[in-house]
Every structure is written in C-alpha cells, then in structure tokens.
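Following: one structure in structure tokens, then a few remarks.
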Protein chains: 2
Amino acid sequence: MATNTRERLIDAGAELLRRQGYSATGVKQIVDEARAPVASLYHFFPGGKEQLGAEAIRVSGKLYEQLIPAVLDVAPDPVTGVRMFFAGAAQHLVETDYEDACPIATVALEVSSSSETMRQACAEVFESWVTAGAERYPVENARELTIAMLAALEGAFVLARAWRSTEPLEIAGEMVARAVEGALSA
Amino acid sequence: MATNTRERLIDAGAELLRRQGYSATGVKQIVDEARAPVASLYHFFPGGKEQLGAEAIRVSGKLYEQLIPAVLDVAPDPVTGVRMFFAGAAQHLVETDYEDACPIATVALEVSSSSETMRQACAEVFESWVTAGAERYPVENARELTIAMLAALEGAFVLARAWRSTEPLEIAGEMVARAVEGALSA
C-alpha cells in the first residue's frame, strides 16, 4: 500500500481502470478510493484524469510485465512456457470470477480513437511486453511470434470473459504453442 | 436509415457502442442521435440503456456476421479465406482511421463483470459468429479453429488500434492460416 498521495492516486486509478475501464472511471471515484483531496489529483496531474490514467496504465504495464519472466524463465522449454502462460491466465481468470484479465485491453479499446495521450500509454505498454517476450524466444522471428501470442491471449480474454469459460484460452494457447513449436523446428 | 423510432434508437445505440463503448454512451446521447424523445426509449426499452444496449449488440452482431459468408464463401480455399478475412479487416481499419474494428469487443470487456444482460448479449453474438465460421471449415475441429481465429482477430484488433498499425493483423492472420493449413492436412 502506497503511503504518499501521488502513489495512492496512481494505485487507485490503475485498479479502477483495470476493473471498470476508462469511461466508467471518474475523478471523484479515484480520489475517494485514494483517500485524497480532489485538488491533490490536479496538483500531481495537471492534465487530470487523462494524465493520471496514462501514468496508471504504465505502472500496471510494468507490474504485469513481471509475469513474463516469472513464467517463461522457469519453464523447461519455450513451448511449455506458452502453455504455462495461457494456463496461468485461465486459472487467474477463474479465481477472480472472470474479472481480472488484462489491465490494459479494455482501456486500449475505449481510448484508441478518443485520447491520444492514453492510446500512446497503452501502445508503449504493449510494446514493452512484446520486447520482454521476444527476448525469451531463441528464434529469428521472435518479435512476430510474441505479437501473435499477445494477440491470441488478448482476444481469448475477450471471449473467455464474455462466455465465462476458459475454453478460448486453452484453444488459443494450443495454437500459439504449435506456432512456437513450428518456429523452433524450422 | 430506419424510419420507425424503435429501429432508429437501436441503430443509434449500436453506432455509439461500436464507436465509444458502453460506459461512455449515455441515454441522452442515444435519443439525440436517434432524433427521438427520451420517453420513447423507456417505452420501447423499459430496462433502459442496458436493454437497448443488449438489443443493439445483437443487431450489430447479425450485421457483422454477414462478413463471414461474404468473405469465406468466395475464397478459393479455407486457408486463403483466413488470409482474406484478416486482410479485409486490416484494410477496413486503415480506411476508418483505426476506429472501426469489432463492434462488440469494447463493450464485452466493459460489461463482462458488471452487466449480466449485456454480457449475455455479447456471449450470444460471439457464439453465433463461431457457429457461422465453423460451418465453413471442413475439418473435425472446426469449432476450435474458429474460436482460435476469432481470438486472434479480436486480440490483433486491440494491438492494431493501440499501435495504429496493421502489423498485428498480418501476423495473427498468418498464424491462423497456418493452423488451418495444419488442420486440413492432418
């Protein structure tokens, strides 16, 4: 739990964005959850909700990026690593009653055509995940493979949450695992 | 252009949901765009925004479902069909300045944990797309392949819109095309 006001505002913003998205999250709700005065939000973030939101997305992005080495660096091989990553995501989704999937995707879809500041923050986070993933695949097309993996994961989250089923994650994970297998044997 | 009030409300709702999502869309904006009195919305949809939203999602879902036969039934073979589908999506994204991707995904992520009525509408639409796609793949695991294709497409849309680049669609499309190729030759 962050002790200073700026960090509390970012933590509250990140949690609200993850849980309910950008449009549903108001300044009032952020300061309430952060137990901070409204003026403090504009003191630390003169650009208001948009600026705080971009910072919160970057902080969430860094936090979730740690999952990449946490899973892939302990996997016995890259193909098993993919399967472990999708299985872990599925398990976490069930444990959180299909609420906690990607902290960025909802916001990315909401803001891509309406807030350039927010879109750029989301774009940077996705790029940093691709870089972290690609470093861990010892093949020539590692970047492409990681983008394919991230796309399959994000889309599977959309279907899994709508259907309240982990099936899409299992299916998408298997497709990506085979794509990585193919790339490694090429 | 719909001439009766109920259809105008649904069309306006569908367009707003597609463009800006569920949370950002207010009842006032829907009736303004539909050139209808507020009372008419509650007359046709006693459940308000949620009921109209669910209906709008279903209407959008049926409209976009037509893309599946429109592309896959004219493709020379199922693998080329996948490539044509992703290429068409990429072209449409560029033509609409990265705004018009999936009419359901933003809403699905927004509502999955907050509105059971809306979640079910999204779930039904995704299921209808999978059914329509699976009918067109002459393999045993047609349903799994179609779910993999839809997941890859939805996730590629998230990345493509955030990055303002069609690269994720090209990469994801190629992965799915190879998965279909593998299934056909198995």
Side-chain angles (χ1 to χ4, degrees), chain A residues 19-25 96-102 104-114 119-127 130 141 143-145 147-165 167-172 174-176 178-179 182, chain B residues 19-25 96-102 104-114 119-127 130 141 143-145 147-165 167-172 174-176 178-179 182:
Chain A
R19 217 164 61 204
Q20 60 188 31
Y22 188 70
S23 306
T25 298
T96 61
D97 197 26
Y98 290 90
E99 191 175 302
D100 192 3
C102 173
I104 316 291
T106 312
V107 176
L109 287 177
E110 286 179 292
V111 303
S112 283
S113 299
S114 58
R119 180 192 70 76
Q120 279 178 6
C122 296
E124 276 173 36
V125 168
F126 287 137
E127 190 62 52
V130 168
N141 60 343
R143 183 181 146 78
E144 285 73 18
L145 267 183
I147 290 173
M149 175 169 166
L150 183 56
L153 182 70
E154 292 291 0
F157 275 145
V158 176
L159 301 179
R161 292 189 67 202
W163 286 339
R164 295 184 63 82
S165 157
E167 192 192 22
L169 284 160
E170 289 146 22
I171 290 170
E174 196 50 38
M175 173 174 63
V176 176
R178 288 184 191 189
Chain B
R19 217 165 61 204
Q20 61 189 29
Y22 187 71
S23 306
T25 298
T96 60
D97 198 26
Y98 290 90
E99 192 175 301
D100 192 4
C102 174
I104 316 291
T106 312
V107 176
L109 287 177
E110 286 179 294
V111 303
S112 284
S113 298
S114 58
R119 180 193 71 74
Q120 279 177 6
C122 296
E124 276 173 36
V125 168
F126 287 138
E127 190 62 53
V130 167
N141 60 344
R143 184 181 144 79
E144 285 72 18
L145 267 183
I147 290 174
M149 177 170 164
L150 183 56
L153 182 70
E154 292 292 0
F157 275 146
V158 176
L159 301 179
R161 293 190 67 200
W163 285 341
R164 294 183 64 81
S165 157
E167 193 192 21
L169 285 161
E170 288 146 24
I171 291 169
E174 197 50 39
M175 173 173 64
V176 176
R178 289 187 189 187

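This one's a predicted model, so the numbers in the text were calculated from it and none came from an experiment. Chain naming here is simple, since letters A, B, ... match the order of the sequence lines and numbering starts at 1 in each.
- With a 4.5 angstrom heavy-atom cutoff, A:A105 touches chain B via backbone and side-chain atoms both.
- For chain B, the nearby parts of A:A156 are the backbone and the side chain; heavy atoms of each come within less than 4.5 Å.
- Residues B:R119 and A:R161 share a closest heavy-atom pair of CD-O, 3.8 Å.
- The distance from the CG atom of B:L109 to the CD atom of A:E110 is 9.0 Å, given to the nearest 0.5 Å.
- Looking at A:F126, the atoms closer than 4.5 Å to chain B (heavy atoms on both sides) sit in the backbone and in the side chain alike.
- Both the backbone and the side chain of B:A148 come within contact range of chain A, judged by heavy atoms closer than 4.5 Å.
- Note: A:E144 leads A:E124, A:E144, A:Q120 in heavy-atom pairs under 4.5 Å with chain B.
- One finds the OG atom of B:S23 at 7.5 Å from the CD atom of A:Q20 (value rounded to the nearest 0.5 Å).
- At a 4.5 Å heavy-atom cutoff, the contact between B:A24 and chain A is made by backbone and side-chain atoms alike.
- For the atom pair CE (B:M149) and CE (A:M175), the distance works out to 10.5 Å, reported to the nearest 0.5 Å.
- With a threshold of 4.5 angstrom between heavy atoms, B:R19 does not approach chain A through any atom at all.
- Between chain B and the residues A:A101, A:A123, A:G182, A:A160, the largest count of heavy-atom pairs under 4.5 Å involves A:A123.
- Neither the backbone nor the side chain of B:S114 comes within contact range of chain A; no heavy atoms are under 4.5 Å apart.
- Taking the side chain as every heavy atom from C-beta outward, B:V130 and A:W163 approach each other to under 4.5 Å.
- Considering only residues two or more places apart in sequence or on other chains, A:Y22 meets the ring pair (Phe, Tyr, Trp, His ring centres under 6.0 Å) condition with none of them.
- Most heavy-atom pairs under 4.5 Å with chain A, from the set B:V176, B:V107, B:I147: that is B:I147.
- B:E154 CD to A:L159 CG: the interatomic distance, rounded to the nearest 0.5 Å, is 6.5 Å.
- Remark: A:E174 pairs with A:R83, A:R178 by the salt bridge (Lys or Arg N to Asp or Glu O under 4.0 Å) rule, at least two apart or across chains.
- With a 4.5 angstrom heavy-atom cutoff, A:E170 does not touch chain B via any of its atoms.
- Comparing A:L145, A:L150, A:D97, A:I171 by how many heavy-atom pairs each has under 4.5 Å with chain B, the most go to A:I171.
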